[in-house]
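What follows is a single structure, written as structure tokens, with notes after it.
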Protein chains: 2
Amino acid sequence: MMTFAEQFDRFAQLHLPAHLGDDAILRFRSLARPVDAARDVALGLDEGSDHLVFVSSGAIKLVAHASAGRNQVVAFHFPDELVVVPARAEHSYTLSTLRKSDLLVFDYASFADLARGDPAVLRSLLDTARSSLSRSREKSLTLGRKTATERLASFLVGMAHRIGVEREGLTFIDLPMSRRDIADSLGLTIETVSRQFTILRDLGIVRTVGKSGVQLVDLRALEARAGYLTEAA
Amino acid sequence: MMTFAEQFDRFAQLHLPAHLGDDAILRFRSLARPVDAARDVALGLDEGSDHLVFVSSGAIKLVAHASAGRNQVVAFHFPDELVVVPARAEHSYTLSTLRKSDLLVFDYASFADLARGDPAVLRSLLDTARSSLSRSREKSLTLGRKTATERLASFLVGMAHRIGVEREGLTFIDLPMSRRDIADSLGLTIETVSRQFTILRDLGIVRTVGKSGVQLVDLRALEARAGYLTEAA
DNA sequence: CGGCCTATTGATTAGCCTCAACCCACGTGG
DNA sequence: CCACGTGGGTTGAGGCTAATCAATAGGCCG
């Protein structure tokens, strides 16, 4: 549990330019609504407008909903990251916590209006949007054209970059999301995800530790199975 | 074939703020590189840096490449739209024309640097990125969780909004892309796309006219088959 | 009118999903 | 301290959707 001051300072340090005056910072600060949510909670955001959410601690998922109860995890986000949460469109979106999290919630329109006074803030927001766009496009390729094994391999490589830690020379990942979340992110079922874990484990490429731990024994082999384009065009 | 002046004026009108001074406009103008490409041409963009591409006329596709020659169409774009084309990352991207097109190509970094002087330009860029992000997230849901029929129905509804024209009270679409492009956009094969067209045709929901024409006879029925979430959460 | 490329249709196969049972880690309470 | 219960995860058998392989039809160009 972080204090609001700690959270906002961290946010300002990462997403607001250093040169910003005290009064400008205070205005942004007044827009921030702190949300301290337990594990596995859906945030009740107003679906009528866009939001910006800063992850101070914990981990979250952004989920899109289709008919018949089908869900697609559109993005996972981790501490220090800023997320653009869209209003309801053809489909509706839900933001949920994967574990106990401290968040700062902004109304997008207000934030953007305030940012109009400083190009650097907009530039930073634009960078956030662009990196989300890149990840989303990568996900399209994964969902549209990759096999189940490739999807899990791509997922693990991505998570290794984002939340992996070095341990005894190997990368270790403590996955905050359940098999269901992984399945909903990769467009598969939990059974298929489980089977792919078994395959990678039997090949000696990864080792699983409990329910959430994954040790990447052979990162090269994992990348080779991720379906990346190897040669230059 | 549009002149450079016509193209840039159109671009400026849509994506640059009205209040911009003449000298600032000239600086943006000096960054624009006109490209007049025939049908089905891959633009040779430097893969080492990001680009912005404005579509003056024609139609284009942004394609992501995986191993084994598998392609995923990540986005289609039409006249008056601005596209963010990323540098090579885990996968490489290609921008290709669907038909004869007039384009303006900008180096992203130069453009963004110049935009630093005017928040309104950045705001406009941010809006562009956000709408691309929204469409990409919708695509993730389609690719991850929808059946073949739902994918084609969603695709047709989307195209109706973007390039459909009213004709005799019905929406008519002249699709600039081939069945292969549609398949690569929906994560299916051309045969499956073709079969889904046959199904929708036999149901009396759409009528096909030649290879590229589609008449939406029953838009409601099409939307009902698109897998949208109907009730509010 | 002829040739070519794209689209459609058909038969079979493969990969993932569905349904079902079992296992295991963890938390609880006797 | 251990028996039990619970929920997530794994494993197995069979079915179904879309892919693959193959052949035909049809629009569009010269």
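Below, chains carry the letters A, B, ... as their sequence lines are ordered, and counting in each starts from 1.
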Assign Gly187(B) to base, sugar-phosphate, or nothing according to its heavy-atom contacts below 4.0 angstrom with the strands shown.
sugar-phosphate

Those residues of [range] lying under 4.0 Å from DNA chain D by at least one heavy atom:
range                       : value
residues 171-181 of chain B : none
residues 190-209 of chain B : Glu191(B), Thr192(B), Arg195(B)
residues 140-149 of chain A : none

Among residues 57-75 of chain B, which contact DNA chain C at a heavy-atom distance under 4.0 Å?
none

Check: Tyr93(A) ring centre within less than 6.0 Å of His65(A) ring centre:
no

Any side-chain heavy atom of Arg39(B) sitting closer than 4.5 Å to one from Leu98(B)?
no

Only counting residues at least two apart or in another chain, list the ones meeting side chain to side chain contact (heavy atoms under 4.5 Å, CB included) with Thr198(B).
Arg201(B), Asp202(B)

Check ring pair (Phe, Tyr, Trp, His ring centres under 6.0 Å) between Phe11(B) and all other residues, then give those that pass, not counting sequence neighbours.
Phe8(B), His15(B), Phe54(B), Phe106(B)

For residues 216-225 of chain B, pull every pair meeting side-chain hydrogen bond (donor to acceptor under 3.5 Å, both in side chains), keeping only residues two or more places apart or in separate chains.
none

Quick one: side-chain hydrogen bond (donor to acceptor under 3.5 Å, both in side chains) pairs with a partner in residues 1-10 of chain A, sequence neighbours left out?
Gln7(A)-Ser56(A), Arg10(A)-Asp80(A)

Could you list, one pair per line, each protein nitrogen or oxygen that sits under 3.5 Å from a nitrogen or oxygen of nucleotides 23-28 of chain C, together with the distance?
none

For residues 179-193 of chain A, pull every pair meeting salt bridge (charged side-chain N to carboxylate O under 4.0 Å, His left out), keeping only residues two or more places apart or in separate chains.
Lys61(A)-Asp181(A), Arg180(A)-Asp184(A), Asp184(A)-Arg145(B)

Quick one: list whatever passes salt bridge (charged side-chain N to carboxylate O under 4.0 Å, His left out) with Arg135(B), sequence neighbours left out.
none

Given axes from five pairs at either end, by how many degrees does the helix from dC1(C)-dG30(D) to dG30(C)-dC1(D) bend, rounded to 10°?
30°

